[in-house]
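First the structure, in the form of structure tokens, and then the observations on it.
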Amino acid sequence: MVQHPHDGALGVATGGHVDHAGTDIWPLRGVLPPLYPEWLGDRSFAQTHGVRFPYVAGSMANGIATTRMVIEMGRAGFLGFFGAAGLSYGRVEQAVAELRHELDTRVPWGCNLIHSPHEPALEEAVAQLYIEQNVQRVSASAYMALTPAIVRYAIAGLRQDAGGRIIRARHVFAKVSRPEVARLFLEPAPEPIVRALLDRGHIDAQQAQLARHIPLSEDVTVESDSGGHTDNRPLAALLPCIVRLRDEIASERGYPVSIRIGAAGGIGTPGAVASAFALGAAYVLTGSINQACVESGLHPDGRAMLAKADVADVIMAPAANMFEQGVELQVLRRGTMFALRGRRLYELYRDYDTWSDIPAAERAKVEQQILRSTFDQAWASTREFWQDRDPQQVGRAESEPRHLLALVFRAYLGLSSRWAIDGNTDRRTDFQIWCGPSMGAFNAWVAGTELHDPARRTVVQVARNLMEGAAVITRAQQLRSYGVPVPASAFDFRPRPLA
């Protein structure tokens, strides 16, 4: 195997001998052209979104995916999404203003739009903000059904160019973990929602007509076993299934556009990135590992906890935004009691209709160990929060005791992530830190290198090393597939400072 000193091309040679000058002479059997990290994945991803690399930093909620993270990623040729989920409208508005000021539309970026079945007005308001402020990309997460908000964002502004090609004003990156949810985004926008949007004046007749000929989303991210909301499915099983579904729908519909399928969940090492691209992913998306970087909105104490995680140090726990439905998300287990306490709250909500129905001994445990206040005090602060955010929730809770119980228990779940962001040491054992197995794999990969220290982990260095390493591993596999005896060390790319 010989490498051209300038262009990185590799020649495959076998059966060599030694000439009179003592130089190895190898018969050339073939040449592999150079391979660059930019070339992994689907080239149309970079062309469509104006990025250098097919790599996305995901929108970790509550602002953990900070504006700083999005800015750094964008300026380095990657795509980042701000973690708007769980934040107030005012906080999202501030973030959008900052990103528009720092990046405008010259550098690609996006924000999260999360399905909010208990706060549809907030979801609608945030979608309206994104349209008004020309946020050209959203990461649509936790959708179990389509809503007018996400459909309006996707199709408002559709137009045709002089050649008749349908042009999108905005792009939806749909995060999915089930085929039935993927189908919602792979199909055109549902006709009943389109008609309703047309009747309200949110779209015009031409946009309604154009929406019938294209998928709701051209970038669908398959989310396998990951931190936060997840169905814990392995990528190797899930991604091919969604790719096949994409191909079936695209063939049936005869779309004039191609749909890119990305990979997320378990992406924490170069091998994981390379395997995702080998499965056919158009791009990769990382989440858990970015939380441990210095640009993360997570407090340094939380980042230090993540840096100690192993692949098995994760557990499922109730999700605050879908508590009543029993939806769970994956969190860090090591160093925190949050998951066990959150599960207990859900069990009590499931088994009892009101606070007074819960046995006295259980109520005492909840007040002393979890709420750290009386239930009435917890409701008073919860009521104040909802009075400002969504007064209808207060009215409903005061007429439905079970909804009141849910809001108080949800308050603990929501505050636990805020304590991890703020670094509330008094509540350290209640930290809720979203985390998947990739965090442990990442920690093992960076052990003994510069990136082992959380204070030296930056999202750009992490991304560059993952993509560079994936290219090296892909090249090694290419050579091995041609019969070259590639040593195991060729697949062990270790982190290094990359510019």
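Quick note: residue numbers are just sequence positions, from 1.
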So, the side chain of [X] versus the backbone of [Y]: is there a donor-acceptor pair under 3.5 Å, distance only?
X: Ser296; Y: Gln291; value: yes
X: Arg233; Y: Ser177; value: no
X: Arg152; Y: Ile203; value: no
X: Gln477; Y: Thr474; value: no
X: Glu218; Y: Val257; value: no
X: Asn443; Y: Met439; value: yes
X: Asp310; Y: Ala312; value: no

Any side-chain donor near an acceptor of the partner, Glu124 and Gln128, under 3.5 Å
no
Regarding Glu295 and Asn290, do their side chains bring together a donor and an acceptor under 3.5 Å, going by distance alone?
no
One should read off an interatomic distance between Glu123 CD and Thr147 OG1, to the nearest 0.5 angstrom, of 3.5 Å
Salt bridge (Lys or Arg N to Asp or Glu O under 4.0 Å) contacts touching residues 445-463 (sequence neighbours left out):
Glu450-Arg456
Kindly indicate whether the side chain of [X], heavy atoms from C-beta on, has any atom under 4.5 Å from the side chain of [Y].
X: Trp109; Y: Arg100; answer: yes
X: Ile249; Y: Arg183; answer: yes
X: Ser116; Y: Leu122; answer: no

Hey, does the Lys NZ or Arg CZ of Arg52 hover above the aromatic six-ring of Tyr55, less than 6.0 Å from the centre and inside 45° of the axis?
no
Before giving the answer on side chain to side chain donor-acceptor pair (under 3.5 Å), spell out for Thr230 and Gln330 the whole-Å C-alpha distance, their side-chain angles and the decisive distance to 0.1 Å.
CA-CA 7 Å; Thr230 179; Gln330 193 158 217; 4.9 Å; no
Check this for me: does any side-chain nitrogen of one of [X] and [Y] sit under 4.0 Å from a carboxylate oxygen of the other?
X: Glu468; Y: Arg464; answer: no
X: Asp231; Y: Arg178; answer: yes
X: Arg260; Y: Asp219; answer: yes
X: Arg75; Y: Glu102; answer: yes

Just list the side-chain donor-acceptor pairs under 3.5 Å for residues 80-91, sequence neighbours left out, or say none.
residue: Ser88; atom: OG; partner: Arg91; partner atom: N; Å: 3.2

How about Arg427: does its CZ atom have over 12 heavy atoms from other parts shown lying under 6.0 Å from it?
yes
Paired with Phe53, the ring-ring contact (aromatic ring centres under 6.0 Å, His included) test is passed by just one of Phe78, Tyr36, Phe277, namely Phe78
If the plane angle is over 60° it's perpendicular, under 30° parallel, otherwise tilted; pick one for Phe173 and His49.
tilted
